[in-house]
Amino acid sequence: MAPMRPFLHAYAEAGGPAGLLEEETLVQLIRHQLRREAPSFQRQELQGTVHDSEDVAYHERRLEMFGELRP
């Protein structure tokens, strides 16, 4: 989370609608988004989409991040 802090502070100072969130809340929001993205990727594969190596690497990293962000 440390690398994100400068962005989060700039976002809040610029009037971002979420304001400055507590880290636990932010982690849960990120995990929620990752929970939605992973099944979408898998559904696309089942529907015949062929993902390139960048897409696959991004998906694999997304799954890793989900575990790393566990509260």
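Side chains are part of it too, since the values below use all heavy atoms of this structure and drop only hydrogens, waters and symmetry mates.
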Side-chain polar contacts of residues 33-47 - donor-acceptor pairs under 3.5 angstrom, sequence neighbours left out - could you list them?
residue	atom	partner	partner atom	Å
Q33	NE2	E37	OE2	3.1
E37	OE1	R62	NH1	3.0

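Shortest non-hydrogen contact noted between D52 and D55 is OD1-N, 2.8 Å.
Proximity of Q28 to I30: side-chain heavy atoms (C-beta onward) are nowhere separated by under 4.5 Å.
Counting side-chain heavy-atom gaps under 4.5 Å among Ile, Leu, Val, Met, Phe, Trp and Tyr, L63 is found in no cluster with other residues.
Residues forming a side chain to side chain contact (heavy atoms under 4.5 Å, CB included) with E68 (at least two apart in sequence, or on another chain): R61, E64, M65.
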